[in-house]
Structures are given as structure tokens and as C-alpha cells.
Amino acid sequence: MDTKLNPPSISGAVRRYIACAFLLAAIGAYATFPTMRRMIAGEMMLFSQRSVQVLEGAIRSAKAPALRSIFLAAFQTAVIPWMPPRIFLAATACLGYAWGGFCSIFGNAVGASLWYAIVRALRGGTQPVSLQNASGNLLFPLGLACLSGMSALSAIAAGALLIRYKHTVGGVCAFEFVRLLLYLKYCSSFSALLPMAWQVALWISGGMLILAWLLFQAWYYKKKRQE
């Protein structure tokens with residue numbers, strides 16, 4: 001694998017400063033403004049009740065249900081990614097399968113993108129040739145998402161490894177689409193856990209996809225060396 005990185009540019013340093021400033025501003029705003037703390041606590045309360053009906057009520061009571069669904073999906077992905085995605089069931093119940101599913105996946109992508117942007121800005125550096133344009137690189141974020149069940153973790157790792165954003169968000173969206181289909185098929189308002197057989201299948205698929213990505217990196221690097 002080509003691991004040679006170019007020296008960080010001035011623009012890269014500026015991006016890191018902006019990322020640090022953003023994180024400090026977010027922490028400062030949370031610590032300073034009670035309104036923000038109440039807002040975040042309210043969103044956490046919605047998910048802590050572990051109820052699809054509660055999420056449905058939050059979406060139906062909003063003036064813009066689609067935007068509310070996107071925000072809830074993004075919030076869960078970015079803040080509490082380990083919880084089951086009950087937002088899939090709530091959004092599709094309120095908005096329909098197509099529109100609700102789209103809003104949920106889009107929100108998941110937004111939440112994962114936030115982490116990718118922060119990690120990528122802090123990481124700096126330029127991407128090795130083997131990580132730039134080859135579409136096979138989406139295998140890693142897709143595989144890690146399947147293995148961990150968390151798109152945010154996949155985006156963080158992809159950002160740290162300098163995988164391009166288009167490959168990262170492509171892998172995240174592919175994972176969330178598969179998970180959406182499984183949840184609509186096997187889960188309900190009363191049970192938001194996938195059958196163990198399907199969970200194991202996701203873990204095995206994730207491991208195989210990561211292995212395929214490593215093999216792809218070795219092949220691609222060898223190919224570039226021969227050119």
C-alpha cells in the first residue's frame with residue numbers, strides 16, 4: 001500500500017485550525033448556553049425511551065416532518081450511533097417507505113459526513129494514489145459499517161485513512177440502504193432488533209469486504225508500480 005504523504009500545505013493547516021475551533025466552539029456553546037443543553041437533552045430523551053412511537057410523535061408534530069426525520073437520523077448517527085436505527089421505522093411510518101427511507105438515509109449520511117469532515121481536517125495530508133480515484137475504496141467504509149453497525153465509526157476510520165469522501169459516503173449510504181431494507185422486513189414498532197442470523201451475516205459480510213479492500217489495495221499498488 002502506498003503510504004507516502006506529501007507535506008501538509010498551508011490550506012491543510014488552516015483546515016485543522018478550523019476543525020479545532022469548531023470543536024471548541026461546540027463544546028463552549030454546550031457549556032455556556034442552557035438552551036442548547038436543553039435541546040440536546042430533549043433529543044437524547046427521544047431516543048433513550050427506545051420507542052418507535054415516541055419518534056413518530058416527534059416527526060408528526062413537526063412543521064416540516066421530512067426535515068425533522070433528517071435531523072433525527074443525523075443526530076443519532078453523529079451522537080449515539082450504537083443505538084438501533086428506530087428512526088427507519090418511525091420515518092417510513094410517517095412519510096411512506098420511499099420518502100421516509102430517503103430522509104433517514106440522507107440524515108445518516110449527514111451525521112457520518114460531519115465526523116468525516118472533522119477527522120479529515122484534523123488528519124491533514126494528501127491521499128496516496130491508491131486511495132484517490134479507485135472506486136474499490138468504498139469497500140472499506142461499507143465493510144466497517146457492516147461489521148460495527150455504526151456509520152459514524154466507518155466515516156471516522158475512513159477519514160483517518162484518507163479515503164476520499166465520495167467513497168466514504170457511498171459506502172455509508174450502501175450500508176444504510178441495506179439496513180433500511182432489513183429493518184422494514186424484520187422489525188416493527190415493538191421490536192427494533194434484527195434477527196441474530198442477519199446480524200451475523202452483516203458481521204461476516206463486513207469482514208469479507210474489509211479483506212477484499214486490503215487485497216484490492218495490494219493489487220492496485222502493484223499495478224501502479226508496474227506502470
Side-chain angles (χ1 to χ4, degrees), residues 43-44 46-47 50-60 62 64-120 135-159 163-189 191-195 198-199 201-203 205-206 209-210 213:
E43 300 303 317
M44 292 291 293
L46 289 176
F47 289 97
R50 303 177 184 274
S51 171
V52 175
Q53 290 87 349
V54 170
L55 294 175
E56 285 183 27
I59 294 172
R60 294 186 191 277
L67 293 178
R68 184 65 168 143
S69 298
I70 292 172
F71 177 81
L72 287 173
F75 182 87
Q76 177 175 358
T77 299
V79 180
I80 43 176
W82 55 85
M83 295 191 70
R86 294 179 176 87
I87 188 63
F88 284 157
L89 303 173
T92 52
C94 296
L95 303 174
Y97 290 127
W99 188 230
F102 172 81
C103 290
S104 299
I105 293 175
F106 183 77
N108 291 330
V110 170
S113 298
L114 176 63
W115 278 113
Y116 178 87
I118 293 173
V119 173
R120 187 69 182 85
S135 58
N137 285 302
L138 65 81
L139 293 174
F140 176 81
L142 174 57
L144 185 55
C146 290
L147 192 61
S148 66
M150 294 184 284
S151 294
L153 179 60
S154 176
I156 290 170
I163 294 176
R164 294 193 71 175
Y165 174 71
K166 66 178 182 180
H167 298 138
T168 301
V169 75
V172 165
C173 288
F175 164 70
E176 295 295 352
F177 179 72
V178 171
R179 189 160 66 158
L180 170 67
L181 296 180
L182 291 175
Y183 265 76
L184 293 180
K185 174 68 175 178
Y186 295 104
C187 299
S188 67
S189 298
S191 176
L193 296 177
L194 287 176
W198 278 106
Q199 189 60 65
L202 285 175
W203 293 337
S205 299
L209 286 168
I210 293 176
W213 177 75

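The model shown is predicted, which means the values in this text are computed figures rather than measured ones. In this chain, numbering begins with 1 at the start of the sequence shown.
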Minimum heavy-atom separation for A192 and P84, please, with both atom names.
O-CB, 3.5 Å
Roughly how far, to the nearest 0.5 Å, is the SG atom of C94 from the CD1 atom of I59?
4.5 Å
What distance separates R86 CZ from E56 CD, expressed to the nearest 0.5 Å?
12.5 Å
List for me each residue that meets ring-ring contact (aromatic ring centres under 6.0 Å, His included) alongside Y186, sequence neighbours excluded, and say none if there are none.
W198
The single option from C187, S188, S189 that satisfies side chain to side chain contact (heavy atoms under 4.5 Å, CB included) with S191 is S188
Check whether more than 12 heavy atoms from other residues, nucleotides or ligands sit under 6.0 Å from atom CZ of R60, and answer yes or no.
yes
Given L55 and F47, is the side-chain contact (heavy atoms from CB on, under 4.5 Å) satisfied, shown in steps?
CA-CA 8 Å; L55 294 175; F47 289 97; 4.1 Å; yes
Could you state the interatomic distance from CZ (F102) to CG (L95), rounded to the nearest 0.5 Å?
11.5 Å
CD of Q53 to CG of L89: how many Å apart, nearest 0.5 Å?
9.5 Å
What are the two closest non-hydrogen atoms of A78 and L114, and how far apart are they?
CB-CD2, 4.4 Å
State, with a plain yes or no, whether a side-chain heavy atom of V169 is found less than 4.5 Å away from one of C173.
yes
Starting at OG of S154, measure out to OH of Y116 and round the result to the nearest 0.5 Å.
11.0 Å
Closest approach of V119 to G159 (non-hydrogen atoms, all atoms of both residues):
CG1-C, 3.8 Å
Has R179 got a side-chain atom pairing as donor or acceptor with G149's backbone, closer than 3.5 angstrom?
yes
Can you tell if the side chain of L184 reaches within under 4.5 Å of the side chain of T92, non-hydrogen atoms only?
yes
side-chain contact (heavy atoms from CB on, under 4.5 Å) between I156 and I118: does it pass, once the steps are laid out?
CA-CA 8 Å; I156 290 170; I118 293 173; over 6 Å; no
Nearest heavy atoms of A112 and S151, plus distance in Å
CB-O, 4.0 Å
Residue pair W203 / C146, side-chain heavy-atom distance below 4.5 Å
no
Across all chains, not counting sequence neighbours, the ring-ring contact (aromatic ring centres under 6.0 Å, His included) partners of F140 are W213
Show me the pairs that pass side-chain hydrogen bond (donor to acceptor under 3.5 Å, both in side chains) and involve residues 66-84, at least two apart or across chains.
E43-R68, T77-N108
Between E176 and S104, is there a side-chain donor-acceptor contact under 3.5 Å, judged purely by atom types and distance?
no
For I163 versus P141, what's the shortest heavy-atom pair and its separation?
CD1-CD, 4.3 Å
In Å and rounded to the nearest 0.5 Å, what is the OG1 to CG distance from T168 to L142?
11.5 Å
